[in-house]
Amino acid sequence: MDLRYLRVLARRFPTISKASTEIINLSAILNLPKGTEHFVSDLHGEYEQFLHVLKNGSGSIKQKIEEEFGNTLSEKDKRTLATLIYYPEQKLALIEKQEREICDWYKITLNRLIKVTCRIASKYTRSRVRKMLSSDFAYIFEEIIFENDVNHDKDAYYNSIISTIIQIGRAPACIIALCQTIQRLAVSHLHVLGDIYDRGPGPHIIMDTLMNYHSVDIQWGNHDITWMAAASGHPACIAVVLRFAARYGELDIVEDGYGINLVPLLRFVMDTYKDNPGPNFNIHYNKATYNELDLEADKRIQKAMAIIQFKLEGQIIQKHPEFHMEDRLLLDKINYEDRTILLDGVTYPLNDTDFPTIDPADPYRLTPEEENVMERLVTAFTHSEKLNRHVRFLYEKGSLYLIYNNNLLYHGCVPFNEDGEFINVQVGSKSLHGKCLYDELDKFCRKAFYLPPGPEKSFAQDIMWFIWCNKNSPLFGKEKMATFERYFIDDESTWVESKNPYYSLLENEEIVNKILIAFELDPENSRIINGHVPVKNKENPVKCNGKLMIIDGGFSKAYQKTTGIAGYTLIYNSNSIFLAAHKPFTSTEEAIQNEDDIHSEHITVRRFAHRRLVKDMDNGLLLQEQIADLTELLQAFRQGLIRESSD
């Protein structure tokens with residue numbers, strides 16, 4: 001090994017003793033059970049349900065409570081304990097009002113929480129657990145967690161600790177800290193398979209939560225891509241983001257959540273779109289807090305942004321013939337006198353032809369007023385501190401796909417032809433498919449945000465729009481995005497968005513193997529975990545004997561009438577891989593007050609004959625490489641090639 005590298009390593013481990021201790025430590029870690037991985041997808045702003053699923057680890061915490069207490073606790077006591085762990089501050093406040101013998105309750109509850117913590121912490125090193133502990137109680141917790149079950153001679157000592165905590169009024173803070181520790185220890189790593197944004201009321205709240213989570217990665221979804229491109233200043237994607245926000249009554253996310261001033265847009269809309277838009281511009285809101293006084297304004301904003309979107313998209317399509325999207329140039333196909341449009345050789349009547357900003361002679365040109373509004377919106381989006389902070393986090397923790405512990409994670413689809421061959425997709429000067437396509441698109445996503453203004457950045461931003469809606473995009477996967485048709489044509493046959501053949505080929509194990517091989521994975525020991533497409537309740541989300549799992553079951557309320565459920569999530573622990581199919585979540589208040597957890601049906605995908613250990617995982621390979629390096633360092637010390645140092 002290069003002595004220069006060993007000398008650098010010797011700065012961290014300057015003696016034989018320290019290098020040997022680290023080898024012993026790493027070797028021991030290799031034989032610990034693997035940590036629990038939690039997979040979620042297509043959150044679509046539904047922050048309350050997401051936060052609940054995150055807090056309960058898709059049932060992992062309830063399972064630990066069951067393992068620890070079994071029949072020694074009543075079902076009611078187990079529900080109360082679980083709810084306390086999920087929502088410690090809120091549940092504690094309720095109990096303190098109701099409980100007469102609160103000191104006795106503190107003592108019982110602290111002991112129960114310590115037992116749950118000990119069970120969950122058993123698979124981690126003391127060092128790992130120490131990092132998860134609240135700094136206020138770290139020393140006390142460490143004493144109790146690692147000694148309580150093995151040293152009965154210290155029972156009086158431990159009882160004294162708990163009694164003193166209660167006597168000095170620190171029991172509530174201690175209970176909250178223990179509950180938060182259990183939440184952190186229950187899940188070692190979180191995977192988010194895309195579509196954090198659009199439709200629901202709190203994507204910014206989800207992003208704040210993820211930024212504070214101890215270990216997370218994100219695979220971008222097509223809705224995330226539009227927000228990322230909007231934050232980079234891409235006008236067409238800004239129009240998409242605002243149209244969606246208006247359509248779902250969530251413009252307050254943009255205005256209040258991200259501090260983006262929409263007053264210039266509102267003034268433009270109220271001056272320009274005086275007639276009430278048609279019924280296809282109705283607002284799809286699902287929250288009781290929506291102010292219906294905003295209804296008419298939101299409908300007009302939705303229409304105004306739709307027209308601007310179609311214009312800007314038309315300009316992109318004309319600029320990039322290599323995108324092969326000429327069939328989406330629709331504004332020039334309108335007969336403005338007959339109130340009809342010609343699509344694929346068929347003439348359809350339009351239900352709305354109030355187009356005050358469209359010049360039939362040059363339909364894709366923005367009016368001066370539209371240009372002014374978009375310039376101000378571009379400035380507002382690019383200068384939103386919070387949006388930029390969130391988007392930078394998406395770039396830091398995110399990618400178009402991820403290979404993690406032999407699992408291939410992505411949001412949409414790998415584009416296929418009907419014959420089961422990969423589609424070669426033109427990206428710039430390259431024709432790519434499979435892993436190479438993902439890698440190239442990932443580079444353009446990063447260029448779009450990080451490059452300074454100029455032609456290269458502009459092209460990369462257009463590529464992000466391409467990822468949003470092109471039929472060959474791995475994040476879209478449909479023949480077309482029929483937004484115009486859904487707004488302006490009543491004939492629903494024009495609304496059909498045919499899926500890429502990928503979705504009909506998923507039952508074919510040869511196709512799944514082909515994808516895994518393309519991403520340099522062994523088909524016999526690897527799996528695909530896929531988001532993006534809602535899975536109906538009666539549909540099997542597990543394909544090809546567990547080689548592919550689809551985990552979007554409909555977090556978004558907009559999908560739940562179709563799916564019948566409220567999302568699939570996946571748990572991969574040291575013993576098994578299982579899917580959780582969740583029932584719709586009512587509210588945080590009901591979950592706390594009534595101790596109603598999300599009722600979930602667990603589907604075991606695979607149960608391992610032998611418990612999976614750290615050495616079987618990706619991190620285990622890294623640790624083994626570190627052990628090999630340290631072993632080389634030991635040899636260099638012993639052979640006199642490197643001197644030990646006391647520094």
- Query: Got Asp198 and Pro203 here, is their nearest side-chain heavy-atom distance under 4.5 Å?
  - Reply: no
- Query: Quick one: salt bridge (charged side-chain N to carboxylate O under 4.0 Å, His left out) pairs with a partner in residues 88-100, sequence neighbours left out?
  - Reply: Lys91-Glu595
- Message: For the CZ atom of Arg611 and the OG atom of Ser574, what is their distance to the nearest 0.5 Å?
- Response: 3.5 Å
- Query: For Leu193, does its backbone N or O pair with a side-chain atom of Ser41 as donor and acceptor, under 3.5 Å?
  - Reply: yes
- Message: Checking Trp227 against Tyr258 for the ring pair (Phe, Tyr, Trp, His ring centres under 6.0 Å) test, could you report, in this order, the C-alpha distance in whole Å, the side-chain angles of both residues, the deciding distance, and whether it holds?
- Response: CA-CA 12 Å; Trp227 278 83; Tyr258 285 120; 5.8 Å; yes
- When rounded to the nearest 0.5 angstrom, what distance separates CG in Leu210 from CG in Leu190? 6.5 Å
- Worked verdict on Phe381 versus Ile260 for side-chain contact (heavy atoms from CB on, under 4.5 Å): CA-CA 7 Å; Phe381 270 79; Ile260 293 171; 3.8 Å; yes
- Task: Applying side chain to side chain donor-acceptor pair (under 3.5 Å), name anything that partners Arg392, two or more places apart in sequence or on another chain.
- Result: none
- Check the side chains of Gln219 and His191 for a donor-acceptor pair under 3.5 angstrom, ignoring hydrogens and angles. no
- Message: Would Ile528 and Met549 count as a side-chain contact (heavy atoms from CB on, under 4.5 Å) here? Give the steps.
- Response: CA-CA 6 Å; Ile528 297 171; Met549 291 159 277; over 6 Å; no
- Message: Checking His223 against His44 for the ring pair (Phe, Tyr, Trp, His ring centres under 6.0 Å) test, could you report, in this order, the C-alpha distance in whole Å, the side-chain angles of both residues, the deciding distance, and whether it holds?
- Response: CA-CA 8 Å; His223 289 269; His44 284 298; 5.1 Å; yes
- Message: Given Ser526, which partner from the list Asn405, Ile403, Leu408, Asn406 fulfils the side-chain contact (heavy atoms from CB on, under 4.5 Å) test?
- Response: Asn406
- Query: Can you check ring pair (Phe, Tyr, Trp, His ring centres under 6.0 Å) on His189 and Tyr404, steps first, answer last?
  - Reply: CA-CA 11 Å; His189 188 78; Tyr404 194 103; 4.8 Å; yes
- Are side-chain N/O atoms of Tyr401 and His411 paired as donor and acceptor at under 3.5 Å? no
- Task: Look up atom SG in Cys118 and atom CD1 in Ile182, then write down how far apart they are to the nearest 0.5 Å.
- Result: 9.5 Å
- Message: Set out, in order, the CA-CA distance, both residues' side-chain angles and the distance that settles side-chain contact (heavy atoms from CB on, under 4.5 Å) for Ile85 and Asn56, then state yes or no.
- Response: CA-CA 8 Å; Ile85 293 171; Asn56 75 5; over 6 Å; no
- side-chain contact (heavy atoms from CB on, under 4.5 Å) partner of Lys615, the single match among Leu30, Ile29, Leu623: Leu30
- Is there a donor-acceptor contact under 3.5 Å from the side chain of Asn530 to the main chain of Gly412? yes
- Task: Salt-bridge test for Glu68 and Arg119: reply yes if a basic N is under 4.0 Å from a carboxylate O, no otherwise.
- Result: yes
- Does some side-chain heavy atom of Val542 sit less than 4.5 Å from a side-chain heavy atom of Tyr568? no
- Message: Do Arg128 and Ser188 pair up side chain to side chain, a donor and an acceptor below 3.5 Å, judged on atom types alone?
- Response: yes
- Query: For Lys547, what residues pass the side chain to side chain donor-acceptor pair (under 3.5 Å) criterion, not counting sequence neighbours?
  - Reply: Glu509, Asn513
- Item | Met207: which of Leu387, Val391, Ile196 passes side-chain contact (heavy atoms from CB on, under 4.5 Å) | Ile196
- Measure the NE2-OH distance between His52 and Tyr87 for me, rounded to the nearest 0.5 Å. 4.5 Å
- Charged N to carboxylate O below 4.0 Å: is that the case for Lys18 and Glu22? no
- Checking ring pair (Phe, Tyr, Trp, His ring centres under 6.0 Å) for the pair Tyr450/Tyr395: CA distance, chi angles, key distance, verdict? CA-CA 10 Å; Tyr450 290 109; Tyr395 278 107; 5.4 Å; yes
